[in-house]
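Every chain is numbered from 1 and lettered A, B, ... according to where its sequence line falls, protein lines coming before strand lines.
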Amino acid sequence: MGNPMPPERVKPNDEELLVLAMAGDRAAFSDLVRHHQDEVYTLAVRLVADRELAEDISQEAFVRAWRALPNFRRDAKFSTWMHRITVNVAWTQRRKQRRHRADPIDESFTEPVAESISPERAAESAAIQGSLRDALNNLPRPTRTVVVLKDVYGWTHGEIAERLEITIAAAKVRLHRGRKQLRNQLWAEMEEDV
Amino acid sequence: MKTSCRVVRSIAPSTDVAGLAKVLSNHVGSCLSCQAELARYGKLRRQLASLAEVTVQAPEPLAAEVAAAVASNGNPAETEAGLAHPVRVAAAAGAVVAAAAGAAAVAAWRHSRIVTS
(Lines give C-alpha, C1' and ligand atoms only; values in the text may rest on other atoms or scores of the structure.)
Protein backbone atom coordinates (compact mmCIF):
# COMPACT_ATOMS: atom_id res chain seq x y z
CA MET A 1 0.00 0.00 0.00
CA GLY A 2 1.35 3.40 -0.91
CA ASN A 3 1.27 6.39 1.31
CA PRO A 4 -2.09 8.06 1.42
CA MET A 5 -2.18 11.28 -0.59
CA PRO A 6 -2.02 14.35 1.63
CA PRO A 7 -5.23 16.32 1.55
CA GLU A 8 -5.06 19.00 -1.12
CA ARG A 9 -4.91 22.45 0.38
CA VAL A 10 -7.75 24.52 -0.93
CA LYS A 11 -6.79 28.10 -1.60
CA PRO A 12 -9.07 30.49 0.21
CA ASN A 13 -11.15 32.71 -2.04
CA ASP A 14 -11.37 36.49 -1.80
CA GLU A 15 -14.30 36.35 0.58
CA GLU A 16 -12.44 34.10 3.01
CA LEU A 17 -9.26 36.14 2.68
CA LEU A 18 -11.24 39.28 3.38
CA VAL A 19 -12.68 37.85 6.59
CA LEU A 20 -9.20 36.85 7.74
CA ALA A 21 -7.70 40.21 6.75
CA MET A 22 -10.44 42.08 8.58
CA ALA A 23 -9.44 40.14 11.68
CA GLY A 24 -5.88 41.44 11.26
CA ASP A 25 -4.33 38.60 9.26
CA ARG A 26 -1.54 40.30 7.26
CA ALA A 27 -0.79 37.18 5.20
CA ALA A 28 -4.40 37.03 4.06
CA PHE A 29 -4.26 40.70 3.14
CA SER A 30 -1.04 40.09 1.18
CA ASP A 31 -2.85 37.40 -0.79
CA LEU A 32 -5.66 39.86 -1.50
CA VAL A 33 -3.06 42.38 -2.69
CA ARG A 34 -1.54 39.80 -5.04
CA HIS A 35 -5.01 38.94 -6.41
CA HIS A 36 -5.92 42.58 -7.07
CA GLN A 37 -2.64 44.39 -7.71
CA ASP A 38 -2.85 44.22 -11.51
CA GLU A 39 -6.35 45.69 -11.73
CA VAL A 40 -5.55 48.40 -9.16
CA TYR A 41 -2.31 49.27 -10.96
CA THR A 42 -4.09 49.28 -14.35
CA LEU A 43 -6.69 51.73 -13.09
CA ALA A 44 -3.97 53.94 -11.58
CA VAL A 45 -1.96 53.92 -14.83
CA ARG A 46 -5.06 54.88 -16.82
CA LEU A 47 -5.85 57.74 -14.44
CA VAL A 48 -2.37 59.27 -14.20
CA ALA A 49 -0.60 57.98 -17.37
CA ASP A 50 2.64 57.56 -15.44
CA ARG A 51 3.98 54.18 -14.33
CA GLU A 52 6.02 55.33 -11.34
CA LEU A 53 3.23 57.50 -10.03
CA ALA A 54 0.75 54.67 -10.63
CA GLU A 55 2.92 52.36 -8.51
CA ASP A 56 2.96 54.89 -5.66
CA ILE A 57 -0.79 55.36 -5.94
CA SER A 58 -1.41 51.59 -5.94
CA GLN A 59 0.75 51.15 -2.86
CA GLU A 60 -0.97 54.00 -1.04
CA ALA A 61 -4.39 52.64 -2.02
CA PHE A 62 -3.63 49.21 -0.54
CA VAL A 63 -2.21 50.72 2.66
CA ARG A 64 -5.31 52.88 3.04
CA ALA A 65 -7.46 49.81 2.44
CA TRP A 66 -5.60 47.94 5.19
CA ARG A 67 -6.17 50.81 7.62
CA ALA A 68 -9.83 51.11 6.65
CA LEU A 69 -10.62 47.38 6.68
CA PRO A 70 -12.49 47.54 10.02
CA ASN A 71 -14.84 50.08 8.43
CA PHE A 72 -15.43 48.03 5.26
CA ARG A 73 -19.15 47.29 5.34
CA ARG A 74 -18.94 44.68 2.57
CA ASP A 75 -21.89 46.18 0.72
CA ALA A 76 -19.66 46.15 -2.37
CA LYS A 77 -17.08 43.71 -3.71
CA PHE A 78 -13.52 44.15 -2.46
CA SER A 79 -12.41 45.01 -6.02
CA THR A 80 -15.07 47.73 -6.31
CA TRP A 81 -13.99 49.14 -2.95
CA MET A 82 -10.34 49.10 -4.05
CA HIS A 83 -11.27 50.95 -7.24
CA ARG A 84 -12.94 53.69 -5.19
CA ILE A 85 -9.92 54.02 -2.91
CA THR A 86 -7.56 54.11 -5.90
CA VAL A 87 -9.56 56.89 -7.55
CA ASN A 88 -9.53 58.81 -4.25
CA VAL A 89 -5.77 58.48 -3.89
CA ALA A 90 -5.13 59.48 -7.51
CA TRP A 91 -7.49 62.44 -7.22
CA THR A 92 -5.97 63.63 -3.92
CA GLN A 93 -2.49 63.26 -5.36
CA ARG A 94 -3.54 65.36 -8.38
CA ARG A 95 -4.69 68.17 -6.10
CA LYS A 96 -1.34 68.19 -4.31
CA GLN A 97 0.59 68.04 -7.57
CA ARG A 98 -1.22 70.60 -9.68
CA ARG A 99 0.17 73.55 -7.76
CA HIS A 100 3.71 72.46 -8.56
CA ARG A 101 3.86 71.19 -12.12
CA ALA A 102 1.95 70.09 -15.17
CA ASP A 103 0.46 66.62 -15.46
CA PRO A 104 3.27 64.20 -16.40
CA ILE A 105 2.84 61.84 -19.31
CA ASP A 106 4.84 58.64 -19.39
CA GLU A 107 5.99 58.37 -23.00
CA SER A 108 7.28 54.85 -22.45
CA PHE A 109 3.89 53.54 -21.40
CA THR A 110 2.41 51.13 -23.93
CA GLU A 111 -1.00 49.63 -23.53
CA PRO A 112 -0.75 45.82 -23.64
CA VAL A 113 -2.94 43.92 -26.07
CA ALA A 114 -5.38 41.23 -25.00
CA GLU A 115 -3.92 37.83 -25.89
CA SER A 116 -7.10 35.93 -26.78
CA ILE A 117 -7.49 37.33 -30.33
CA SER A 118 -6.00 36.49 -33.73
CA PRO A 119 -2.58 37.98 -34.67
CA GLU A 120 -4.11 40.21 -37.38
CA ARG A 121 -6.81 41.40 -35.02
CA ALA A 122 -4.21 41.84 -32.28
CA ALA A 123 -2.06 44.02 -34.55
CA GLU A 124 -5.06 46.14 -35.50
CA SER A 125 -6.15 46.29 -31.88
CA ALA A 126 -2.65 47.29 -30.80
CA ALA A 127 -2.57 50.12 -33.35
CA ILE A 128 -5.99 51.39 -32.33
CA GLN A 129 -5.29 51.03 -28.63
CA GLY A 130 -1.94 52.77 -29.09
CA SER A 131 -3.61 55.75 -30.74
CA LEU A 132 -6.38 55.69 -28.17
CA ARG A 133 -3.88 55.60 -25.33
CA ASP A 134 -2.00 58.57 -26.80
CA ALA A 135 -5.23 60.48 -27.30
CA LEU A 136 -6.34 59.67 -23.74
CA ASN A 137 -2.98 60.78 -22.35
CA ASN A 138 -3.34 64.08 -24.18
CA LEU A 139 -6.56 64.88 -22.34
CA PRO A 140 -6.30 67.12 -19.27
CA ARG A 141 -6.31 64.88 -16.23
CA PRO A 142 -9.74 65.91 -14.84
CA THR A 143 -11.28 65.19 -18.25
CA ARG A 144 -9.36 61.94 -18.66
CA THR A 145 -10.44 60.76 -15.21
CA VAL A 146 -14.13 61.16 -16.08
CA VAL A 147 -13.74 59.50 -19.52
CA VAL A 148 -11.82 56.55 -18.04
CA LEU A 149 -14.28 56.01 -15.19
CA LYS A 150 -17.38 56.34 -17.40
CA ASP A 151 -16.37 54.80 -20.71
CA VAL A 152 -13.76 52.25 -19.63
CA TYR A 153 -15.02 51.24 -16.18
CA GLY A 154 -18.73 51.93 -16.65
CA TRP A 155 -19.25 54.12 -13.59
CA THR A 156 -22.43 56.19 -13.48
CA HIS A 157 -22.31 59.98 -13.54
CA GLY A 158 -23.55 59.92 -9.94
CA GLU A 159 -20.71 57.65 -8.79
CA ILE A 160 -18.13 59.79 -10.59
CA ALA A 161 -19.55 63.02 -9.18
CA GLU A 162 -19.57 61.63 -5.64
CA ARG A 163 -16.05 60.22 -5.79
CA LEU A 164 -14.49 63.31 -7.41
CA GLU A 165 -16.60 65.71 -5.34
CA ILE A 166 -17.97 67.47 -8.39
CA THR A 167 -21.53 67.96 -9.59
CA ILE A 168 -23.20 65.52 -11.96
CA ALA A 169 -23.49 68.35 -14.47
CA ALA A 170 -19.71 68.92 -14.27
CA ALA A 171 -19.09 65.20 -14.81
CA LYS A 172 -21.32 65.26 -17.90
CA VAL A 173 -19.60 68.35 -19.28
CA ARG A 174 -16.15 66.78 -18.83
CA LEU A 175 -17.29 63.56 -20.49
CA HIS A 176 -18.77 65.46 -23.43
CA ARG A 177 -15.60 67.53 -23.82
CA GLY A 178 -13.34 64.49 -23.47
CA ARG A 179 -15.17 62.39 -26.05
CA LYS A 180 -15.16 65.32 -28.46
CA GLN A 181 -11.41 65.79 -28.06
CA LEU A 182 -10.79 62.07 -28.53
CA ARG A 183 -12.96 62.04 -31.64
CA ASN A 184 -11.01 64.99 -33.08
CA GLN A 185 -7.67 63.36 -32.34
CA LEU A 186 -8.67 59.97 -33.69
CA TRP A 187 -10.64 61.28 -36.66
CA ALA A 188 -8.31 60.13 -39.42
CA GLU A 189 -8.00 56.63 -38.01
CA MET A 190 -11.72 56.16 -37.55
CA GLU A 191 -12.47 57.56 -41.00
CA GLU A 192 -11.03 54.43 -42.63
CA ASP A 193 -13.58 52.09 -41.07
CA VAL A 194 -16.68 54.29 -41.12
CA MET B 1 -24.16 72.50 -42.99
CA LYS B 2 -27.84 72.20 -42.09
CA THR B 3 -29.11 73.25 -38.67
CA SER B 4 -30.09 69.64 -37.91
CA CYS B 5 -26.55 68.48 -38.72
CA ARG B 6 -25.12 71.12 -36.40
CA VAL B 7 -27.45 70.02 -33.60
CA VAL B 8 -26.53 66.36 -34.10
CA ARG B 9 -22.82 67.22 -34.05
CA SER B 10 -23.16 69.26 -30.89
CA ILE B 11 -24.97 66.53 -28.96
CA ALA B 12 -23.28 63.49 -30.55
CA PRO B 13 -20.53 63.17 -27.86
CA SER B 14 -23.18 62.69 -25.18
CA THR B 15 -25.72 60.59 -26.99
CA ASP B 16 -26.27 57.88 -29.59
CA VAL B 17 -28.92 57.18 -32.20
CA ALA B 18 -31.28 55.72 -29.60
CA GLY B 19 -30.90 58.83 -27.49
CA LEU B 20 -31.78 61.25 -30.26
CA ALA B 21 -35.10 63.06 -30.31
CA LYS B 22 -37.53 61.78 -32.94
CA VAL B 23 -37.15 64.84 -35.13
CA LEU B 24 -33.38 64.36 -35.20
CA SER B 25 -33.71 60.60 -35.73
CA ASN B 26 -35.68 61.36 -38.88
CA HIS B 27 -32.87 63.64 -40.03
CA VAL B 28 -30.14 61.13 -39.21
CA GLY B 29 -32.05 58.46 -41.11
CA SER B 30 -31.52 60.40 -44.31
CA CYS B 31 -28.18 62.15 -43.58
CA LEU B 32 -25.07 60.07 -44.32
CA SER B 33 -22.80 62.67 -42.75
CA CYS B 34 -24.63 62.53 -39.40
CA GLN B 35 -24.79 58.73 -39.56
CA ALA B 36 -21.01 58.69 -40.01
CA GLU B 37 -20.54 61.10 -37.12
CA LEU B 38 -22.63 58.97 -34.76
CA ALA B 39 -20.84 55.86 -35.98
CA ARG B 40 -17.49 57.46 -35.05
CA TYR B 41 -18.66 58.12 -31.52
CA GLY B 42 -20.11 54.62 -31.29
CA LYS B 43 -16.77 53.15 -32.32
CA LEU B 44 -14.86 55.39 -29.94
CA ARG B 45 -17.02 54.24 -27.04
CA ARG B 46 -16.62 50.57 -27.98
CA GLN B 47 -12.85 51.00 -28.13
CA LEU B 48 -12.78 52.70 -24.75
CA ALA B 49 -14.96 49.94 -23.25
CA SER B 50 -12.61 47.31 -24.68
CA LEU B 51 -9.76 48.76 -22.60
CA ALA B 52 -11.52 47.34 -19.52
CA GLU B 53 -10.54 43.84 -20.71
CA VAL B 54 -6.86 44.73 -20.88
CA THR B 55 -4.83 44.56 -17.70
CA VAL B 56 -1.45 46.15 -17.16
CA GLN B 57 0.83 43.96 -15.08
CA ALA B 58 1.79 45.54 -11.78
CA PRO B 59 5.53 45.97 -11.11
CA GLU B 60 7.14 42.99 -9.40
CA PRO B 61 7.97 44.73 -6.08
CA LEU B 62 4.51 46.21 -5.51
CA ALA B 63 3.13 43.39 -3.35
CA ALA B 64 6.31 43.30 -1.22
CA GLU B 65 6.25 47.08 -0.82
CA VAL B 66 2.64 46.95 0.32
CA ALA B 67 3.45 44.10 2.75
CA ALA B 68 6.31 46.14 4.25
CA ALA B 69 4.14 49.24 4.56
CA VAL B 70 1.32 47.24 6.13
CA ALA B 71 3.75 45.60 8.59
CA SER B 72 4.72 49.05 9.86
CA ASN B 73 1.09 50.12 10.14
CA GLY B 74 -0.02 47.70 12.84
CA ASN B 75 -3.17 45.64 12.96
CA PRO B 76 -6.09 47.76 11.73
CA ALA B 77 -8.38 46.46 14.49
CA GLU B 78 -5.76 47.34 17.11
CA THR B 79 -5.10 50.66 15.44
CA GLU B 80 -8.79 51.47 15.57
CA ALA B 81 -9.10 50.51 19.23
CA GLY B 82 -5.77 52.06 20.07
CA LEU B 83 -6.76 55.33 18.48
CA ALA B 84 -10.28 55.45 19.82
CA HIS B 85 -9.32 54.82 23.43
CA PRO B 86 -6.69 57.59 23.91
CA VAL B 87 -8.88 60.04 22.03
CA ARG B 88 -11.78 59.35 24.38
CA VAL B 89 -9.54 59.51 27.46
CA ALA B 90 -7.94 62.76 26.31
CA ALA B 91 -11.33 64.29 25.58
CA ALA B 92 -12.66 63.33 29.01
CA ALA B 93 -9.51 64.61 30.73
CA GLY B 94 -9.75 67.84 28.77
CA ALA B 95 -13.35 68.32 29.82
CA VAL B 96 -12.47 67.77 33.50
CA VAL B 97 -9.55 70.23 33.32
CA ALA B 98 -11.71 72.83 31.55
CA ALA B 99 -14.48 72.46 34.13
CA ALA B 100 -12.01 72.79 37.00
CA ALA B 101 -10.41 75.85 35.43
CA GLY B 102 -13.84 77.45 34.94
CA ALA B 103 -14.84 76.79 38.54
CA ALA B 104 -11.55 78.25 39.79
CA ALA B 105 -12.02 81.35 37.65
CA VAL B 106 -15.56 81.89 38.98
CA ALA B 107 -14.37 81.42 42.57
CA ALA B 108 -11.52 83.89 42.05
CA TRP B 109 -13.88 86.44 40.51
CA ARG B 110 -16.33 86.09 43.43
CA HIS B 111 -13.47 86.39 45.91
CA SER B 112 -12.17 89.56 44.22
CA ARG B 113 -15.67 91.13 44.33
CA ILE B 114 -16.01 90.36 48.05
CA VAL B 115 -12.58 91.85 48.76
CA THR B 116 -13.19 95.02 46.74
CA SER B 117 -16.65 95.61 48.21
Residues A:R74, A:E15; criterion salt bridge (charged side-chain N to carboxylate O under 4.0 Å, His left out); working and verdict
CA-CA 10 Å; A:R74 297 170 72 184; A:E15 195 59 25; 2.2 Å; yes
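- Residues B:S14 and A:R179 have side chains that never bring a donor and an acceptor to within less than 3.5 angstrom of each other.
- Relative orientation of the A:W81 and A:F72 rings is parallel, given thresholds of 30° and 60° on the angle between their planes.
- Contact of A:V33 with chain B is made through the side chain alone, with heavy-atom distances under 4.5 Å.
- The one candidate from B:V7, B:V8, B:L24 that meets the side chain to side chain contact (heavy atoms under 4.5 Å, CB included) condition with B:C34 is B:V8.
- Heavy-atom pairs under 4.5 Å with chain A peak, among B:A49, B:P59, B:A52, B:A63, at B:P59.
- A heavy-atom distance below 4.5 Å is not found between the side chains of A:W91 and A:L47.
- Contact annotation for A:Q37: both backbone and side-chain heavy atoms come within less than 4.5 Å of a heavy atom of chain B.
- For A:L136, the part lying near chain B is the side chain, with the backbone staying farther off; criterion is any non-hydrogen pair under 4.5 Å.
- Using a 4.5 Å cut-off between heavy atoms, A:V148 makes no contact with chain B at all.
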